[in-house]
Amino acid sequence: MNSRRSRGTISSIYDAALVPHLWPAALQSVMDEVGAAGAGYCVFNKRTGRVEWLSQSAPLVGREADYFSYYHALDRYRPILETHPAGRWLRISECLPETVLCRDEWYTDFLLKAGIDDALSVRLFESASHTVMFGVNHGVDRAPFTAAGTAALQGLWEPLAKAARLHTELGSLGWKPAIALRALDQLAAAVIVVDGDGRVIEMNRAAERVLQRGDGLMIRNGKIGALDAFDSARLEAFLTAAAAEQKTAAAIGRMRSRRHDRRPPYTLTVVPLGAELAVYGRPLAMIVLADPDERSPSERDLAEYFGLSPAESRLAVALLAGKRLGEVARDFGVQISTLRTQLSSILRKTGVTRQVDLIRLLSSVPVIAPGTSQPD
């Protein structure tokens with residue numbers, strides 16, 4: 001077994017336990033190591049009788065909905081695995097005779113049509129409420145698994161079992177509660193929860209958008225970092241300090257993260273979440289990231305907060321963006337005297353007397369991210 005590749009596979013498995021959306025990457029790592037045509041990871045909820053989590057790699061990617069809606073009820077293999085001793089690998093061909101499989105709709109329509117003729121699976125974890133199973137697929141007309149591949153798979157059982165237990169127990173403890181996540185998704189500020197090693201545990205949609213841009217922050221091997229090497233080193237130091245310190249002012253880290261497109265840098269605040277929120281002894285920290293392009297209130301926000309007219313709201317947003325009255329007059333095609341009149345009205349309605357105080361007030365307006373009010 002290639003020890004370096006094996007360490008990378010194990011690392012990806014543990015990353016997926018904490019960030020379940022990384023399971024496809026972990027499955028691909030296992031496939032590459034053992035020479036499988038596909039792989040799958042399934043969490044079955046005994047209380048509801050439903051599959052709670054399912055991740056599949058090629059060639060079954062995209063067929064999860066078919067499995068949930070139809071083939072799950074026809075799957076003869078899963079119930080056998082649920083009663084098979086944990087830790088013992090079992091092939092489809094060992095427990096279901098060919099005379100049964102050739103007439104089985106789940107096998108012929110779901111597996112064979114996807115190019116899979118067998119699977120080697122194992123029950124990873126069992127609790128009062130959940131069963132977790134894992135398997136690798138054998139492709140039609142492909143050579144049997146090699147002895148080295150089978151040995152590699154056996155060697156991955158322990159990290160897979162530990163990851164399955166961690167994933168399931170975090171869910172049972174209420175990890176990723178829907179209400180809290182929905183609330184975080186309403187914020188325009190990006191929020192990322194990580195452990196002391198920088199492994200991402202959770203993030204809201206604003207953070208997802210920032211990472212998708214790839215212009216300042218990134219996730220590599222499940223860990224958060226900055227594209228700029230100096231900024232990445234500072235962020236790592238702040239996260240290490242946050243994991244070691246209590247929730248004190250001294251433990252809070254503040255920094256800017258440069259962006260490669262020369263836009264205004266992100267501002268980051270790293271805050272320790274305290275020992276009471278540690279996961280299996282791993283202290284957590286929260287990164288709050290402000291994007292100057294997204295955190296300003298809209299014209300509608302200001303109109304509703306302060307009763308500004310459309311023209312006054314438009315002027316207030318322009319001033320908040322750093323524009324001077326002369327620039328605004330040119331942009332809007334109005335007289336500067338008109339803008340001064342509007343500014344006087346804005347100051348009166350907001351209850352401040354100076355423009356600098358107005359900017360400070362408008363900057364403190366809480367911003368809700370657009371387009372997040374509807375559930376997925």
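Between the side chain of D231 and the backbone N or O of R258, at least one donor-acceptor pair lies under 3.5 Å. A donor-acceptor pair is defined here as one N or O able to donate and one able to accept, closer than 3.5 Å; no such pair exists between the side chain of E33 and the backbone of V30. Remark: side-chain polar atoms of N204 are paired, donor with acceptor, to backbone N or O of V191 under 3.5 angstrom. Under a 3.5 Å cut-off, the side chain of D195 and the backbone N or O of D197 do form a donor-acceptor pair. Not one N or O on the side chain of R234 forms a donor-acceptor pair closer than 3.5 Å with the backbone of F230.
The hydrophobic cluster containing M286 also contains I192, counting ILVMFWY residues as joined when their side-chain heavy atoms lie under 4.5 angstrom apart, directly or transitively. The hydrophobic clustering, which links ILVMFWY residues whose side-chain heavy atoms are closer than 4.5 Å, places L315 and L320 together. Note on M255 and I219: same hydrophobic cluster, where clusters join Ile, Leu, Val, Met, Phe, Trp and Tyr whose side-chain heavy atoms are under 4.5 Å apart, directly or indirectly. M218 and I224 fall into different hydrophobic clusters, where Ile, Leu, Val, Met, Phe, Trp and Tyr side chains are chained together by heavy-atom contacts under 4.5 Å. Residues V193 and L166 fall within the same hydrophobic cluster, defined by Ile, Leu, Val, Met, Phe, Trp and Tyr side chains chained together at heavy-atom separations under 4.5 Å.
For the salt bridge (Lys or Arg N to Asp or Glu O under 4.0 Å) condition, the pairs that include at least one residue of residues 59-76, sequence neighbours left out, are R63-D66, R76-D104. Note on residues 151-164: pairs passing salt bridge (Lys or Arg N to Asp or Glu O under 4.0 Å), not counting sequence neighbours, are E158-K162. Listed by first and then second residue, the salt bridge (Lys or Arg N to Asp or Glu O under 4.0 Å) pairs involving residues 105-121 are D109-K113 (not counting sequence neighbours). The salt bridge (Lys or Arg N to Asp or Glu O under 4.0 Å) pairs that include a residue from residues 77-86 are R78-E82, where partners are two or more places apart or lie in different chains.
Inter-residue side-chain proximity for L343 and L319 is flagged as met; some heavy-atom pair is nearer than 4.5 Å. Side-chain contact between T131 and N45 is absent, with no heavy atoms from C-beta onward closer than 4.5 Å. Between R340 and L325 there is a side-chain heavy-atom pair separated by less than 4.5 Å. The shortest side-chain heavy-atom distance between V34 and T150 does not fall under the 4.5 Å cut-off. Using a 4.5 Å heavy-atom cutoff, the side chains of V132 and Y41 are in contact. Side chains of V210 and L289 form a contact here, defined as non-hydrogen atoms less than 4.5 Å apart. Residues T350 and L302 form no side-chain contact, since every pair of their non-hydrogen atoms from C-beta on lies 4.5 Å or further apart. Taking the side chain as every heavy atom from C-beta outward, V200 and K223 never approach each other to under 4.5 Å.
Here the straight-line distance linking atom CZ of F306 with atom CG of L361 works out to 4.0 Å at 0.5 Å rounding. Within the model, atoms CD1 of I359 and CZ of R354 stand 12.0 Å from one another, a figure rounded to the nearest 0.5 Å. Annotation: the span from L217 atom CG to Q212 atom CD amounts to 13.0 Å, rounded to 0.5 Å. Rounding to the nearest 0.5 Å places NE2 of H84 at 8.5 Å from SG of C95. Rounded to the nearest 0.5 Å, atoms CD1 (I10) and OH (Y14) are 7.0 Å apart. If you take CZ on F145 and NE2 on H138, they are separated by 6.0 Å, rounding to the nearest 0.5 Å.
Remark: R142 engages no residue in a side-chain hydrogen bond (donor to acceptor under 3.5 Å, both in side chains) (not counting sequence neighbours). When the side-chain hydrogen bond (donor to acceptor under 3.5 Å, both in side chains) test is applied to S232, no partner is found at least two apart in sequence or on another chain. Looking at residues two or more places apart in sequence or on another chain, you find a side chain to side chain contact (heavy atoms under 4.5 Å, CB included) between M31 and Q28, A36, A39, S57. With sequence neighbours left out, R47 forms a side-chain hydrogen bond (donor to acceptor under 3.5 Å, both in side chains) with no residue at all. In this structure L22 satisfies the side chain to side chain contact (heavy atoms under 4.5 Å, CB included) test together with D15, A16, V19, sequence neighbours excluded. With sequence neighbours excluded, no residue forms a side-chain hydrogen bond (donor to acceptor under 3.5 Å, both in side chains) with E299.
Here D357 pairs with R360 in a salt bridge; the nearest charged N to carboxylate O distance falls below 4.0 Å.
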### L347/L358 under side-chain contact (heavy atoms from CB on, under 4.5 Å): CA gap, chis, key distance, verdict
CA-CA 7 Å; L347 294 173; L358 173 66; 4.0 Å; yes

#### Entry: Verdict with supporting geometry, R254 and F238, side-chain contact (heavy atoms from CB on, under 4.5 Å)
CA-CA 8 Å; R254 300 175 178 86; F238 283 137; 5.9 Å; no

### Task
Check step by step if side-chain contact (heavy atoms from CB on, under 4.5 Å) holds for S11 and R199.
CA-CA 11 Å; S11 178; R199 296 185 186 276; 3.9 Å; yes

### Task
Check the pair F134, F125 against side-chain contact (heavy atoms from CB on, under 4.5 Å), reporting the backbone distance first and the verdict last.
CA-CA 10 Å; F134 175 86; F125 174 71; over 6 Å; no

### Query
Can you list the steps and then say if R165 with E126 is a salt bridge (Lys or Arg N to Asp or Glu O under 4.0 Å)?
CA-CA 8 Å; R165 177 174 182 173; E126 184 88 21; over 6 Å; no

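Of all heavy-atom pairs between P297 and D301, the closest is CA-OD2, 3.6 Å. Here the closest non-hydrogen pair linking A311 and Q342 is CB-NE2, 3.6 Å. Among all heavy-atom pairs drawn from A161 and L124, the shortest one is CB-O, 3.6 Å. Contact detail for L308 and S313: the closest heavy-atom pair is CB-OG, 3.4 Å. A pairwise comparison of heavy atoms in L268 and S257 identifies CD1-CB, 3.8 Å as the closest pair. When all heavy atoms of H72 and G49 are compared, the pair lying nearest together is CE1-O, 3.7 Å.
Hydrophobic cluster membership for L54: F44, V51, L60, Y67, F68, Y70, Y71, L74, Y77, I80, L81, L90, I92, L96, L101, W106, Y107, F110, L111, L112, I116, M133, V140 (Ile, Leu, Val, Met, Phe, Trp, Tyr linked by side-chain heavy atoms under 4.5 Å, directly or transitively).
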Distance-only donor-acceptor hits, side chain of residues 328-339, under 3.5 Å, sequence neighbours excluded:
from, atom 1, to, atom 2, distance (Å)
D331, OD2, K323, NZ, 3.0

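In this structure, W53 and H167 have perpendicular ring planes: the angle between them is above 60°, well past the 30° mark.
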